[in-house]
Amino acid sequence: MSTQRPAAPQPTTELDPRYSSALNPRPGAADVTATEWAEAQRRLEAAEIFWVATVRPGGGPHITPVIAVWHDGVLYFSTGPGEQKARNLARDAHCALITGGNSLTEGYDLVVEGVAEPVGDPAVLEEVIAAFEAKYGAHITSAEGTFHGIGDAMRRGDDVLFAVAPVTAYGFGRDDGVYSHTRWGF
């Protein structure tokens, strides 16, 4: 029996011209194209801070920053089992993770929508802990690090590791005032 996981699906990719500069007659606008998924994945791998949006029991949003890793086509983040986001996800697992910048004319924002599932497989848990340690380095591995001990907390169940496979993702590019809006469907 093979333990190899299936390859992550390749999404459909489309440029939404309504929110892209393709409809605006400005320099460079005519050349706006959809961002390739490989580029979006590269940006997900490099991003350090994400915002996770969950739904409160009354239907309102709960949004908070988290660290996360992109590993094998899935975004992973963790939180304590008693934290608001964990309680929200136990009731409604739909969520979105957002990363990007805050400049009007430069940068790239990404939104990944999906369903958060707690990770129970010890082998996957170890792979993802290693990915967190590789990505965040001393923040996790050093005794002085902001998130030191997070791997052990995940192993003990003191911190729940969630996996969010994309269902839909969006990319919002801004290149010197030339805008693009890409949608990926999985």
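Small disclaimer: the values here were computed from a predicted structure and weren't measured.
A distance-only check finds no donor-acceptor pair linking the side chain of Arg174 to the backbone of Tyr179 [under 3.5 Å]. A side-chain donor-acceptor contact under 3.5 Å links Lys135 to the backbone of Ala47. Remark: side-chain polar atoms of Glu133 are not paired, donor with acceptor, to backbone N or O of Thr141 under 3.5 angstrom. No side-chain donor-acceptor contact under 3.5 Å links Tyr108 to the backbone of Gly101. Side chain of Trp184 to main chain of Glu36: no donor-acceptor pair is present (N/O by atom type, distance under 3.5 Å, no hydrogens or angles). With Arg183 contributing its side chain and Asp16 its backbone, the two residues share no donor-acceptor pair below 3.5 Å.
Neither Ile49 nor Leu97 shares a network with the other; the hydrophobic side chains, linked directly or stepwise wherever heavy atoms of I, L, V, M, F, W or Y lie under 4.5 Å apart, form separate groups for each. Note on Val112: it clusters hydrophobically with Val52, by side-chain heavy-atom contacts below 4.5 Å among ILVMFWY residues. Hydrophobic clustering, with ILVMFWY side chains joined whenever heavy atoms are under 4.5 angstrom apart, keeps Phe132 apart from Leu75. Under the 4.5 Å side-chain heavy-atom criterion for ILVMFWY residues, no single connected hydrophobic cluster contains both Val66 and Tyr136. In the hydrophobic clustering of ILVMFWY residues, with side-chain heavy atoms under 4.5 Å counting as a link, Met154 and Phe147 come out together.
Residue Ala116 comes nearest to Phe162 through the heavy atom pair CB-CD2, 3.9 Å, listed as atom of the first residue, atom of the second, then distance. Residues Thr182 and Ala34 approach most closely at OG1-CA, 3.5 Å, considering heavy atoms. Between Ile67 and Phe77 the shortest heavy-atom distance is O-CB, 3.5 Å. What you find for His181 and Tyr170 is that their closest heavy atoms are NE2-CD2, 3.6 Å. Pairing each heavy atom of Ile129 with each of Gly151, the nearest pair is CD1-O, 3.5 Å. For Val32 against Ser180, the heavy-atom pair with the smallest separation is CG1-CB, 3.7 Å.
Using a 3.5 Å distance cut-off with no hydrogens or angles, the side chains of Asp176 and Thr105 do not pair a donor with an acceptor. Thr79 and Lys85 form a side-chain donor-acceptor contact under 3.5 Å, judged by distance and modelled atom types alone.
Enclosure of atom NE2 in His148 by more than 12 non-hydrogen atoms of other residues, nucleotides or ligands within 6.0 angstrom is indicated. Counting heavy-atom neighbours within 6.0 Å of His94 NE2, excluding the residue itself, gives a total of 12 or less. Under a cut-off of 6.0 angstrom, the local environment of CD in Glu45 is crowded, with over 12 non-hydrogen atoms contributed by other residues, nucleotides or ligands.
With contacts defined as side-chain heavy-atom distances shorter than 4.5 Å, the pair Pro166/Trp70 qualifies. Annotation: side chain of Thr33 is not in contact with side chain of Leu15 (no heavy-atom distance under 4.5 Å). Between Arg91 and Pro57 the shortest side-chain heavy-atom distance falls below 4.5 Å. The shortest distance between side-chain heavy atoms of Asp92 and Thr54 does not fall below 4.5 Å. For the pair Asp109 and Thr99, the minimum side-chain heavy-atom distance is 4.5 Å or more. Contact check for Val55 versus Pro61: no side-chain heavy atoms found under the 4.5 Å cut-off.
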Derivation and outcome, side-chain contact (heavy atoms from CB on, under 4.5 Å), residues Leu161 and Leu125: CA-CA 8 Å; Leu161 180 65; Leu125 182 71; 3.6 Å; yes

Between Ser78 and Val160, is the side-chain contact (heavy atoms from CB on, under 4.5 Å) condition met? List the steps. CA-CA 5 Å; Ser78 70; Val160 181; over 6 Å; no

Going through the checks in order, is the side-chain contact (heavy atoms from CB on, under 4.5 Å) test met by Glu127 and Asp72? CA-CA 10 Å; Glu127 284 180 24; Asp72 283 351; 3.8 Å; yes

Can you check side-chain contact (heavy atoms from CB on, under 4.5 Å) on Val128 and Val69, steps first, answer last? CA-CA 8 Å; Val128 175; Val69 295; 3.9 Å; yes

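Atoms CD and CG, on Glu83 and Leu89 in that order, are 12.0 Å from each other to the nearest 0.5 Å. A distance of 9.5 Å separates CZ in Arg56 from CD1 in Ile63, rounded to the nearest 0.5 Å.
Salt bridge annotation for Glu126-Arg155: present, with a cationic side-chain nitrogen under 4.0 angstrom from a carboxylate oxygen. Between Glu39 and Arg42 a salt bridge is recorded (basic side-chain N to carboxylate O distance below 4.0 Å).
Checked against the 6.0 Å centroid criterion, the rings of Phe186 and Trp37 qualify as a close aromatic pair.
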